[in-house]
Amino acid sequence: MRIAEFLSPQAVIADMQSRTKPEVLRELSATLVRAHPLLTADRLVEVLREREKLGSTGIGEGVAIPHGKLPGMGQLQAAFGVSRAGVDFEAIDGKPTHLFFALVAPENSAGVHLKALARISRLFKNPRFRASILEAPTAADIHALIVQEDARP
């Protein structure tokens, strides 16, 4: 599984405007809806918020992977955003979060969902990669960096 299979270039935000956790979830959901018009932003926000109630998806080192499952989804979809200012996302390390990878999976896709989460988590463990994303000026550049890094063996 490659990230390019579920992250379209249209679902990347180079400079998020959100300043709070709820705003981040709304902005990522709105971006997913623009890239995939059959989805609804309100329902996506609700799914992501429900998951956050179980514990923050802020995994530390400036990265969060808000995620959830949505009935009626045809396939895994994602949105990615960069917050230059950083957001208090209640990350496990207590530091501001700058990189957000929202993932929404079909309801009955536990295996695919977990594989995608593991892949994203592994990719963003690399400090040089995280720094290159923060330095990338455009959404197209960010998407290209993610695809390129994900293609490495």
Side-chain angles (χ1 to χ4, degrees), residues 1-36 39 41 44-70 76-105 109-153:
M1 166 189 301
R2 294 286 182 209
I3 291 174
E5 295 171 31
F6 55 85
L7 177 67
S8 72
Q10 298 81 16
V12 176
I13 311 164
D15 191 11
M16 296 180 75
Q17 300 305 304
S18 301
R19 297 292 177 246
T20 66
K21 188 176 195 171
E23 288 174 0
V24 166
L25 299 178
R26 278 195 298 276
E27 190 170 355
L28 290 167
S29 294
T31 299
L32 259 170
V33 169
R34 277 195 301 278
H36 307 282
L39 301 174
L44 287 172
V45 169
E46 184 181 326
V47 165
L48 296 176
R49 278 190 184 152
E50 285 300 313
R51 171 55 188 83
E52 289 298 319
K53 286 179 184 176
L54 300 175
S56 178
T57 56
I59 61 173
E61 299 297 328
V63 178
I65 312 173
H67 60 277
K69 294 181 183 174
L70 188 62
L76 190 66
Q77 300 293 344
F80 181 80
V82 177
S83 169
R84 308 288 174 188
V87 174
D88 178 1
F89 209 76
E90 303 164 358
I92 59 172
D93 62 3
K95 296 178 182 174
T97 303
H98 296 275
L99 307 174
F100 297 91
F101 213 119
L103 193 61
V104 184
S109 64
V112 171
H113 187 201
L114 292 174
K115 282 181 186 174
L117 286 170
R119 187 139 191 98
I120 293 163
S121 180
R122 192 168 38 251
L123 198 68
F124 283 89
K125 283 191 184 310
N126 180 337
R128 285 193 313 270
F129 174 64
R130 291 193 310 267
S132 70
I133 293 288
L134 286 169
E135 293 167 7
T138 69
D141 292 332
I142 292 167
H143 187 265
L145 284 168
I146 292 170
V147 170
Q148 177 184 344
E149 185 71 15
D150 189 42
R152 292 181 196 269

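Computed from a predicted model, the values in this text were never measured in an experiment. All values below were derived from every heavy atom in this structure, side-chain atoms included, with hydrogens, water molecules and symmetry-related copies excluded.
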query = What is the distance from atom CG of Leu117 to atom NZ of Lys115, rounded to the nearest 0.5 Å?
reply = 13.0 Å

query = What's the shortest heavy-atom distance between Gly60 and Asp93, and which atoms?
reply = CA-OD2, 3.3 Å

message = Does this structure show an ion pair linking Glu149 with Arg152, if we count only N-O contacts that are shorter than 4.0 Å?
response = yes

query = Hey, is the main chain of Leu134 close enough, under 3.5 Å, to the side chain of Arg84 for a donor-acceptor pair?
reply = yes

message = So which atom in Arg19 and which in Ser83 form the shortest heavy-atom distance, rounded to 0.1 Å?
response = NH1-OG, 4.4 Å

inquiry  = Using side-chain heavy atoms (C-beta onward) and a distance below 4.5 Å, is Ile142 in contact with Ile13?
reply    = no

ask   = What are the two closest non-hydrogen atoms of Val147 and Ala4, and how far apart are they?
value = CG2-CB, 3.9 Å

task = Indicate the atoms forming the closest heavy-atom contact of Val82 with Ala14, along with that distance.
result = CB-O, 3.6 Å

ask   = How about Pro66 and Phe89: do any of their side-chain heavy atoms sit closer than 4.5 Å?
value = yes

task = Please test Glu50 against Lys53 for salt bridge (Lys or Arg N to Asp or Glu O under 4.0 Å), starting from the C-alpha separation and ending with a verdict.
result = CA-CA 5 Å; Glu50 285 300 313; Lys53 286 179 184 176; 3.1 Å; yes

query = At what distance, to the nearest 0.5 angstrom, does CD1 of Ile92 lie from CD of Glu61?
reply = 8.5 Å

task = Please answer whether the main-chain N or O of Ile3 pairs with a side-chain N or O of Asp150 as donor and acceptor at a distance below 3.5 Å.
result = yes

ask   = Side chains of Met16 and Val24: does their closest heavy-atom pair fall under 4.5 Å?
value = yes

key: Donor-acceptor contact present, side-chain Arg51 to main-chain Gly55, <3.5 Å   = yes

Expected output: side-chain Arg130 to main-chain Lys125 donor-acceptor under 3.5 Å = yes

query = Roughly how far, to the nearest 0.5 Å, is the CG atom of Leu76 from the OG atom of Ser109?
reply = 6.5 Å

Output field: ring centroids Phe124/Phe129 closer than 6.0 Å = yes

query = Do Pro96 and Val87 have side chains that get closer than 4.5 Å, going by heavy atoms?
reply = no

message = In the structure I gave you, are the side-chain heavy atoms of His143 and Leu7 within less than 4.5 Å of one another anywhere?
response = yes

Glu52 and Ser56, any side-chain heavy atoms less than 4.5 Å apart = yes

query = How long is the span from the NZ atom in Lys21 to the CZ atom in Arg49, to the nearest 0.5 Å?
reply = 11.0 Å

query = Between the main-chain N or O of Ala64 and the side-chain N or O of Thr97, is there a donor-acceptor pair closer than 3.5 Å?
reply = no

ask   = Just wondering, do Phe6 and Met1 contact through their side chains at under 4.5 Å, heavy atoms?
value = yes

key: Minimum heavy-atom distance Ala78-Leu103, with the two atoms named   = CB-CD1, 4.0 Å

Could you list the donor-acceptor pairs under 3.5 angstrom formed by side chains in residues 27-36, with sequence neighbours left out?
from, atom 1, to, atom 2, distance (Å)
Glu27, OE1, Gln17, N, 3.1
Glu27, OE1, Ser18, N, 3.0
Glu27, OE1, Ser18, OG, 2.4
Glu27, OE2, Gln17, N, 3.2
Ser29, OG, Leu25, O, 2.8
Ser29, OG, Val45, N, 3.4
Thr31, OG1, Glu27, O, 2.9
Thr31, OG1, Arg34, NH2, 3.2
His36, ND1, Gln77, OE1, 3.4
His36, NE2, Gln77, OE1, 2.7

message = Main chain of Glu23, side chain of Thr20: is a donor-acceptor contact present, judged purely on distance under 3.5 Å?
response = yes

request  = Would you give the length of the straight line joining atom CG of Leu123 to atom CD1 of Ile146, rounded to the nearest 0.5 angstrom?
outcome  = 7.5 Å

query = Side chain of His113, backbone of Gly111: donor and acceptor closer than 3.5 Å?
reply = no

